[in-house]
Amino acid sequence: MTGGSNLAETPSPPSPRSAARKTALVTLALVLAIVGALVGGYYFAMRPVTLKIAVGPANSDDVKVVQALTQGFAQHKSYVRLRPIQTDGATASANALAEGKVDLAIVRGDLDVPKNAQAVATLRKNVVALWSVQAKGKKKGAKITKISQLGGHRIGVVGRTQANVNLLKVILHQYGVDPAKVEIVQFPVNEVAEAIKAQKTDVYLAAGPVNSKITADAITASVKEGGTPTFLAIDSADAIAQNHPVYEAAEIPAGTYGGSPDRPEDEVKTISFAHHIVARKGVSDTTIAAFTRQLFSVRQQLVTEFPLAAKIETPDTDKDAVIPVHPGAAAFVDGEEKTFLDKYSDYIWWSLMALSAMGSVGAWFAGYLKKDERDNNNHQRERLLDMIAAARKCETTEELDQMQTEADEILRDTLRCFDHGAIEEAALTAFNIALDQFHAAVADRKAVLFSLPPNLQRAGAQFRAAGNA
């Protein structure tokens with residue numbers, strides 16, 4: 001009788017199916033699931049992304065810059081990586097972007113830019129150099145000092161791209177020179193010196209960065225054939241820029257191309273155009289913002305080894321820009337780039353709220369499913385309380401033993417309910433008090449019955465049996 005009381009007081013060792021252990025396991029599983037989801041989401045969002053970039057032609061400055069950036073991104077294990085796709089030139093690169101074959105492209109600002117292109121950065125700016133020389137061994141004619149004097153002359157254009165020829169025609173039209181009355185000869189970039197020596201044209205045009213080695217070599221080659229060059233100023237650069245927004249007024253500083261005396265001797269007014277890094281419109285804002293940030297971070301580290309990287313500039317973010325800026329690049333330039341938490345905090349917060357709500361609903365539903373079991377246990381506890389009063393009136397020890405057996409079954413059901421989580425520890429404590437009272441009542445009654453003579457016990461049992469009959 002006392003053994004049942006000890007069992008109710010300390011249900012030890014605890015059952016592996018106890019409610020506390022279940023709750024701990026469920027909570028741990030939920031926490032691990034949330035942490036796993038957050039880690040997985042962070043890894044998915046921050047995994048390296050490779051962008052294909054179209055650039056050309058081979059061995060050009062643009063290709064060298066892109067190769068340097070590709071290596072820089074890889075060495076720093078950056079979020080965005082580059083995969084150069086070499087093309088025949090800026091036009092081919094623009095076509096590749098328009099067709100969706102690449103994510104980024106290097107394009108010339110004075111060519112047709114694809115409708116799906118958005119500016120990310122200005123890779124470099126090119127200036128137009130125009131100069132005239134008088135070839136040796138020929139009868140000297142009037143010295144060409146102005147663009148308006150070019151009618152009827154041969155003009156050598158450095159480079160095979162049609163864009164440079166179109167650029168020359170824009171300049172000629174501005175000065176009222178009919179391009180049909182001008183003979184244009186294009187020189188291959190890798191054969192400038194030989195071509196200039198063979199062609200012996202009167203005027204030359206080259207387009208490239210201010211410190212372009214190609215332009216400097218072309219000037220040097222032409223000087224060997226004709227002496228001191230005369231640089232032709234584009235005084236109407238502002239008007240050209242007004243009529244053609246892809247161009248800007250610029251200057252070539254004195255002595256840019258070396259020599260003695262300086263070439264040119266004084267600052268020369270000219271026009272410039274940009275080479276842009278553009279992105280396909282559908283590329284993620286987050287990805288382009290990260291690429292732009294990496295671009296300007298790596299640029300500073302590449303300047304010492306690759307001076308051309310210093311020419312990279314931020315894009316024009318004005319709404320009336322010739323090439324609209326990509327939202328991702330604009331976010332970086334304007335300091336509005338979003339962090340991981342900025343982008344996903346709402347999703348994380350709502351996910352936690354949803355998990356909390358699901359946990360509450362689950363707990364309510366689990367409690368609802370155990371309602372019948374809990375109600376049945378309440379009835380059994382009430383039965384145990386009734387048995388306390390009945391035990392004090394029993395006339396035989398056999399009846400008390402039967403009640404003790406029933407109490408043992410009630411104890412077993414109660415512990416099972418506690419293991420299943422149908423009742424809480426407070427209810428188990430209340431049951432334990434009732435069980436102690438029942439055991440005390442049984443012990444007291446048995447002590448009374450054992451104190452009576454056997455004949456009185458039999459008489460009491462017979463009397464009760466007769467009364468029941």
Side-chain angles (χ1 to χ4, degrees), residues 37-55 62 65-66 69-70 72-74 76-85 90 93-109 112-124 274-302 309 311-352:
L38 292 176
V39 172
Y42 181 81
Y43 173 78
F44 179 81
M46 301 306 294
R47 73 192 191 285
V49 176
T50 300
L51 299 179
K52 292 185 289 186
I53 179 169
V55 59
D62 292 348
V65 171
V66 170
L69 292 175
T70 302
F73 288 176
H76 291 82
K77 301 185 184 302
S78 302
Y79 168 66
V80 177
R81 312 290 175 86
L82 293 179
R83 194 174 103 195
I85 305 297
S93 298
N95 292 337
L97 186 79
E99 296 170 2
K101 295 180 179 179
V102 295
D103 306 299
L104 302 168
I106 308 299
V107 300
R108 276 182 62 151
D112 291 335
V113 178
K115 294 182 179 179
N116 65 338
Q118 294 180 315
V120 175
T122 299
L123 185 62
R124 59 188 170 90
H275 276 219
H276 301 280
I277 301 177
V278 295
R280 185 165 41 83
K281 198 171 185 179
V283 181
S284 165
D285 294 356
T286 302
T287 301
I288 294 302
F291 167 76
T292 310
R293 173 169 33 85
Q294 293 175 198
L295 175 66
F296 288 96
S297 175
V298 173
R299 179 195 66 171
Q300 300 300 327
Q301 303 172 18
L302 296 178
K311 304 297 181 181
I312 301 175
E313 301 177 3
T314 56
D316 185 358
T317 58
D318 292 341
K319 293 183 178 180
D320 58 349
V322 176
I323 303 177
V325 66
H326 193 286
F332 168 78
V333 174
D334 297 336
E336 299 176 357
E337 185 180 359
K338 294 183 178 180
T339 64
F340 176 83
L341 290 178
D342 291 335
K343 290 179 286 187
Y344 300 105
S345 59
D346 288 344
Y347 296 103
I348 294 174
W349 188 84
W350 283 111
S351 297
L352 293 176

Can you name the closest pair of heavy atoms from [X] and [Y] and give their distance?
{"X": "A121", "Y": "F296", "result": "CB-CZ, 4.2 Å"}
{"X": "Y79", "Y": "Q294", "result": "N-OE1, 3.1 Å"}
{"X": "V278", "Y": "A119", "result": "CG1-CA, 4.2 Å"}
{"X": "L82", "Y": "T50", "result": "C-CG2, 4.5 Å"}
{"X": "A94", "Y": "D112", "result": "CB-O, 4.3 Å"}
{"X": "L104", "Y": "A279", "result": "CD2-CB, 3.5 Å"}

### Query
Going by distance alone, is a donor N or O of one side chain under 3.5 Å from an acceptor N or O of the other, for H76 and Q301?
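Side chains of H76 and Q301: pair found under 3.5 Å.
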
For a 4.5 angstrom cut-off between non-hydrogen side-chain atoms, does [X] reach [Y]?
{"X": "I106", "Y": "I277", "value": "yes"}
{"X": "F291", "Y": "V49", "value": "no"}
{"X": "H326", "Y": "P315", "value": "no"}

What distance separates [X] [atom1] from [Y] [atom2], expressed to the nearest 0.5 Å?
{"X": "R108", "Y": "H276", "atom1": "CZ", "atom2": "NE2", "answer": "11.0 Å"}
{"X": "T70", "Y": "R83", "atom1": "OG1", "atom2": "CZ", "answer": "11.5 Å"}
{"X": "L123", "Y": "H275", "atom1": "CG", "atom2": "NE2", "answer": "8.0 Å"}
{"X": "L295", "Y": "L302", "atom1": "CG", "atom2": "CG", "answer": "9.5 Å"}
{"X": "L97", "Y": "I53", "atom1": "CG", "atom2": "CD1", "answer": "10.0 Å"}

### Task
Check for a donor-acceptor pair, side chain of R280 on one end and backbone N or O of V102 on the other, with a separation under 3.5 Å.
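Indeed, once roles are kept as given, a pair shorter than 3.5 Å links the two residues.
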
#### Entry: Exam field: side chain D316 to backbone D318, donor-acceptor pair closer than 3.5 Å
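Looks like yes, one N/O pair under 3.5 Å.
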
### Message
Let's go through V322 and V113 carefully: what are the C-alpha distance in whole Å and the side-chain angles of both, what is the deciding distance for side-chain contact (heavy atoms from CB on, under 4.5 Å) to 0.1 Å, and is it a yes or a no?
### Response
CA-CA 10 Å; V322 176; V113 178; over 6 Å; no

### Query
Do NZ/NE/NH1/NH2 and the carboxylate oxygens of K52 and D103 come within less than 4.0 Å?
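D103 and K52: not salt-bridged.
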
